[in-house]
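All chains are named by letter (A, B, ...) in the order of the sequence lines, taking the proteins before the strands, and each is independently numbered beginning at 1.
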Protein chains: 2
Amino acid sequence: MKKSWLIYGSLMGFLMIVLEVTHYKAFVKDIQIELFGAVVGILFMLIGVWLGMTWYKKKNNIERYDPSKLGLSQREVEVLELLSQGYSNQEIADKLFVSLNTIKTHISKIYQKLNAKRRTQAIQKARELALIAPSSE
Amino acid sequence: MKKSWLIYGSLMGFLMIVLEVTHYKAFVKDIQIELFGAVVGILFMLIGVWLGMTWYKKKNNIERYDPSKLGLSQREVEVLELLSQGYSNQEIADKLFVSLNTIKTHISKIYQKLNAKRRTQAIQKARELALIAPSSE
DNA sequence: TGCTAAATCACCCGAAAGGATGAAGGAAAA
DNA sequence: TTTTCCTTCATCCTTTCGGGTGATTTAGCA
């Protein structure tokens with residue numbers, strides 16, 4: 001996080017200098033403003049592309065969390081796994097030999113801990129955090 | 001593929017106009033060239049970030065099963081994608097600028113075609129068939 | 001040009017899911 | 001031995017989902 005901002009800052013600083021130089025040259029040598037705009041545009045576009053790719057890469061390279069670091073208990077992970085496999089609450093309850101209410105309680109806590117509002121969102125987050133099998137079937 | 005280029009093209013066209021206007025104003029009202037450069041830079045930076053993320057996303061997308069082989073329409077795949085990203089029907093409707101009922105209809109057909117009973121099951125099956133991104137954000 | 005599929009939207013109704021809250025037994029830790 | 005957490009279960013209530021059905025418009029195809 002901090003590192004990317006350092007790089008970003010450095011680049012911005014560097015660009016300011018470049019802009020200054022370009023700016024004066026543009027004035028002194030009477031270079032057309034369109035060319036100036038084009039150069040600036042291309043430069044920033046390139047930086048933008050690089051930044052975009054870097055950020056996206058980082059975003060998708062989240063470290064695999066230990067379920068316990070999120071406060072998820074074994075049972076909750078178990079439920080989460082079945083949840084992500086497309087089972088209904090009732091089916092999960094049957095599989096784990098507990099009541100429907102129990103499953104609902106577990107799932108409620110899973111939502112809190114994963115900061116999810118829906119089961120599909122919980123699946124999504126669990127997948128991002130690699131809490132569940134990559135493409136479990 | 002073609003769609004992204006359309007968007008890109010449109011944006012470029014739009015920006016050309018913006019640049020033209022900015023350009024003339026810069027001349028007429030004697031706005032400083034630094035401001036012009038900054039505006040151009042920020043605009044292209046934004047586009048660049050967007051492009052970078054989009055391209056990187058595409059690059060990392062494994063080939064997907066042909067949705068048409070399952071009889072899934074483009075729109076249905078689109079809905080399926082959002083579905084798998086954890087959005088509620090209402091949210092999907094808002095994102096696609098259609099009514100909730102429309103989304104429900106789409107989803108019903110998706111279930112039929114994927115032979116799913118629940119949205120979580122649809123996600124599961126779509127993932128198995130690689131109809132959707134492996135770990136789409 | 002009539003047929004078909006896609007996309008859109010609506011209404012009704014029951015099922016499933018989710019939120020809030022409380023409670024109780026047991027195990028582990030402080 | 002308190003305290004804390006996990007697991008279990010419950011009730012009440014609201015929201016979301018999903019099934020069924022039907023309708024309209026538009027675009028492509030035969």
Are OP1 or OP2 of C:dT8 and a side-chain N or O of B:His106 less than 4.0 angstrom apart?
yes
How long is the line joining CG of B:Leu114 and P of D:dG19, in whole Å?
12 Å
Just the rounded figure in Å: distance from P of C:dA27 to CZ of A:Arg75.
15 Å
Tell me: NZ of A:Lys113 to C1' of C:dG18, nearest whole Å?
17 Å
Should B:Leu129 and B:Ile123 be counted in the same cluster of Ile, Leu, Val, Met, Phe, Trp and Tyr side chains packed under 4.5 Å apart?
no
What I'd like to find out is whether the side chain of B:Arg118 reaches to under 4.5 Å of the side chain of B:Tyr111, using heavy atoms alone.
no
Atom CD1 of B:Ile107 and atom C1' of D:dT16 are separated, to the nearest Å, by 11 Å
Picking from D:dC6, C:dA7, C:dG18, the nucleotide nearest the side-chain atoms of A:Ser73 would be D:dC6
Determine whether a donor-acceptor pair (N or O, by modelled atom type, separation under 3.5 Å) exists between the side chain of A:Lys125 and the backbone of A:Asn115.
yes
Nearest whole angstrom, please: distance from the P of D:dG19 to the CD of B:Gln121.
11 Å
Indicate the atoms forming the closest heavy-atom contact of A:Leu80 with A:Ala126, along with that distance.
CD2-CB, 3.8 Å
Quick one: do A:Lys113 and A:Glu76 make a salt bridge, cutoff under 4.0 Å?
yes
Under 4.0 Å from any atom of DNA chain D, heavy atoms only: list the residues of residues 89-102 of chain A that qualify, in numerical order.
A:Val98, A:Ser99, A:Asn101, A:Thr102
Summary of protein contacts for nucleotides 20-30 of chain D, nucleotide by nucleotide, where a base hit scores B, a sugar-phosphate-only hit scores S (4.0 Å, heavy atoms):
-----------
Does a side-chain N or O from B:Tyr111 land closer than 4.0 Å to OP1 or OP2 of D:dG19, or not?
no
Starting at atom CD of B:Glu76, determine the distance to atom P of C:dA5, rounded to an integer number of angstrom.
13 Å
Just the rounded figure in Å: distance from P of D:dT8 to CD1 of A:Ile110.
12 Å
Which of these, A:Leu82, A:Thr102, A:Val98, sits in a side chain to side chain contact (heavy atoms under 4.5 Å, CB included) with A:Ile92?
A:Leu82
To the nearest angstrom, the NZ-P distance between B:Lys117 and C:dA17 comes to 13 Å
Are A:Leu100 and A:Tyr87 joined in one hydrophobic group, where the rule is that I, L, V, M, F, W and Y side chains link up if heavy atoms are under 4.5 Å apart?
no
Counting only side-chain N and O atoms of B:Arg119, is one of them less than 4.0 Å from OP1 or OP2 of C:dA16?
no
Mind checking if A:Lys109 touches a base, just sugar-phosphate, or nothing, with heavy atoms under 4.0 Å?
base
Output yes when B:Lys117 and A:Glu91 qualify as a salt bridge under the 4.0 Å nitrogen-oxygen rule, no when they do not.
no
Would A:Lys95 and A:Glu81 pass as an ion pair if we require N to O under 4.0 Å?
no
